[in-house]
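Report on the following structure.
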Amino acid sequence: MTDAPQTPITQDVMTIPRKQPGGKPNIVGLTREALRQALIDMGTPEKQARMRVNQVWQWIYHWGVRDFSQMTNLARDYRGKLTETFRIDLPEMVSKQVSADGTRKYLMRIAGGHEVETVYIPEADRGTLCISSQVGCTLTCSFCHTGTQRLVRNLSADEIVGQIMVARDDLGEWPVPGAPKREERLLSNIVLMGMGEPLYNFDNVRDAMKIAMDGEGISLSRRRITLSTSGVVPEIARCAEEIGCLLAVSFHATTDEVRDRLVPINKRWNIETLLTALRDYPRLSNSERITFEYVMLKDVNDSDADARRLVKLISGIPAKINLIPFNEWPGAPYERSDWSRIESFADIVHKAGYASPIRTPRGEDIMAACGQLKSATERERKSRARIAAEIAAESGLQ
Ligand code: SAH
Ligand code: SF4
């Protein structure tokens, strides 16, 4: 694992200009079935199609090859046809910042000139990539920086899996032919906790995660992928059924009155409705517990009474409570709870029998921590005053 530098560094990354699409579809992001059909449409005999899918798939997702001419187990003519028919396109890395703690924040440009952020967090036993699913977010959680940015669009499957591939480029993690297989992986876990609400872009997120999990490519286990939702109740079960990854829920409050203010989707699907969906979650078990994320906001949701209400609400659900000290961002209308308050809260949850890790803020010096993500190019923002006014209007706060 790379040693953490002592001071944050910002680095502009030289990139090859994005290829002009020119009408050719991107081969990255196609599901196996879609790729098979596309190869048949290109003239591949049906009988060979499955084998060709395997070959192309391995070049792209196992070896990280970006040029059809390097796919040496395919006939020269066939490589030519692939080049004529498809492009191999990934998000373009615009900049990379490395935090003093080793966290890397990448700014990636996607079609239309939009930018999304992807964060790599190295830890002793794993390396987690936090990926984005949308440019901006339609939801407006009042403590989240991304929530102040209007949704621009959903990311496509290639833009979602592409974030993983670009991060692997940066980490130098594609296998080298002939070299012994590395057991340790720098990028071992994925969390869908970047910009956007993944369950509002379900199909693309699912297709991208299926590619990331495929054993002949990036090959991440489904248990190493966690999808975080603010509580889009009708889509929750599909996460288990169609992706099979782990689930995290942005819970953040123990009464509807407070959750309405913090996570406004609560007005549509309230705490009780959300908990019913979680109790019914298809894959729920002790080994696949649901993570309840709980941001610690001073004097808003951090009392001992909140902690006691929380454990009562979730009783019977195999769960882990992830306490997230609030990460501040310019103009944020909240403060982080005091450390002693967070510990006292954690203690109550822990004594009730739940793991209650306090998430160490990572990459704060480069604004890479949870909820701090927002690309600099998005112009339409709510002002600090507007956020404060909205919250005050809804809650009677100062
Ligand atoms: N939209 C999804 C996933 C992205 S947010 C969701 O809301 O779950 C990932 C996590 O970071 C969520 O739990 C979110 O509530 C939390 N978060 C957002 N802003 C934060 C902030 N400023 N400080 C700490 N956590 C924050
Ligand atoms: Fe969107 Fe999640 Fe931020 Fe809420 S917390 S605004 S759902 S990204």
Side-chain angles (χ1 to χ4, degrees), residues 116-119 121 128-152 154-155 160 163 190-202 205 209 225-233 235-236 239 245-253 258-269 274 278 290-298 300-302 319-337 342 357-364 367-375 378 381-382 384 387 390-391:
V116 289
E117 285 166 326
T118 307
V119 179
I121 306 151
T128 303
L129 192 72
C130 176
I131 62 181
S132 294
S133 56
Q134 299 182 308
V135 183
C137 188
T138 45
L139 302 173
T140 50
C141 303
S142 51
F143 54 88
C144 172
H145 204 202
T146 307
T148 67
Q149 184 187 319
R150 283 183 26 171
L151 176 79
V152 181
N154 279 337
L155 298 192
I160 298 170
Q163 295 171 61
I190 300 282
V191 292
L192 280 146
M193 295 187 185
M195 294 162 67
E197 168 49 62
L199 293 187
Y200 275 154
N201 185 17
F202 187 87
V205 165
M209 291 307 105
I225 299 178
T226 303
L227 182 150
S228 172
T229 180
S230 57
V232 184
V233 164
E235 302 290 324
I236 283 180
C239 182
C245 61
L246 304 185
L247 183 70
V249 175
S250 294
F251 206 64
H252 304 320
V258 176
R259 195 162 190 271
D260 281 352
R261 272 193 276 140
L262 300 182
V263 190
I265 201 175
N266 194 67
K267 293 180 198 157
R268 186 120 178 239
W269 295 291
L274 175 60
L278 299 179
I290 290 175
T291 300
F292 284 75
E293 296 163 284
Y294 198 97
V295 62
M296 299 299 294
L297 303 170
K298 189 174 192 162
V300 175
N301 63 356
D302 62 352
K320 166 174 123 179
I321 321 294
N322 216 330
L323 298 175
I324 317 174
F326 173 58
N327 294 311
E328 298 195 356
W329 37 272
Y334 298 105
E335 283 175 60
R336 178 181 292 181
S337 305
I342 299 178
I358 302 171
R359 194 184 288 174
T360 327
R362 299 291 302 263
E364 280 188 297
M367 289 281 287
C370 290
Q372 291 182 315
L373 302 183
K374 176 158 110 165
S375 62
E378 301 302 339
R381 299 172 181 183
K382 288 186 194 173
R384 171 187 189 156
I387 300 169
E390 280 181 6
I391 293 161

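All values below were derived from every heavy atom in this structure, side-chain atoms included, with hydrogens, water molecules and symmetry-related copies excluded. Numbering of ligands and ligand atoms starts at 1, following listing order.
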Numbered atoms and elements of ligand 1 in range of Cys144, under 4.0 angstrom, heavy atoms: 18 (C), 19 (N)

Option with minimal heavy-atom separation from atom 14 (C) of ligand 1, where the choices are Cys141, Ser228, Ala332, Ser250: Ser250

Atoms of ligand 1 close to Phe326 [distance to a heavy atom under 4.0 angstrom, numbered from 1]: 21 (C), 22 (N), 23 (N)

Test of proximity, Glu293 against ligand 1: N or O pairs below 3.5 Å: yes

Ligand-residue contact atoms, ligand 1 with Thr229, heavy atoms, under 4.0 Å: 6 (C), 8 (O)

Sub-4.0 Å heavy-atom contact, Tyr334 with ligand 1: no

Ligand 1 to Gly196 polar contact by distance, N or O atoms, under 3.5 Å: yes

From CD1 (Ile324) to CE (Met193), nearest 0.5 Å: 7.0 Å

Ligand 1 contact on Val249 by region, counting heavy-atom pairs under 4.0 Å: neither

Close N or O approach (Phe143, ligand 1; < 3.5 Å): yes

Side-chain donor/acceptor of Asn201 to backbone N/O of Gln134, under 3.5 Å: no

His252 near ligand 1 by a heavy-atom separation under 4.0 Å: yes

Proximity winner for atom 5 (S) of ligand 1, if only heavy atoms of Met296, Gln134, Met193 are counted: Met193

Residue part near ligand 1, for Asn327, under 4.0 Å between non-hydrogen atoms: both

Contact check, Ser133 vs ligand 1, heavy-atom distance below 4.0 Å: no

Leu274 side chain reached by Phe251 side chain, heavy atoms, under 4.5 Å: yes

Non-neighbouring partners of Leu246 that pass side chain to side chain contact (heavy atoms under 4.5 Å, CB included), sequence neighbours left out: Thr226, Glu288

Tally, protein N/O/S atoms nearer to atom 1 (Fe) of ligand 2 than 2.8 Å: 1

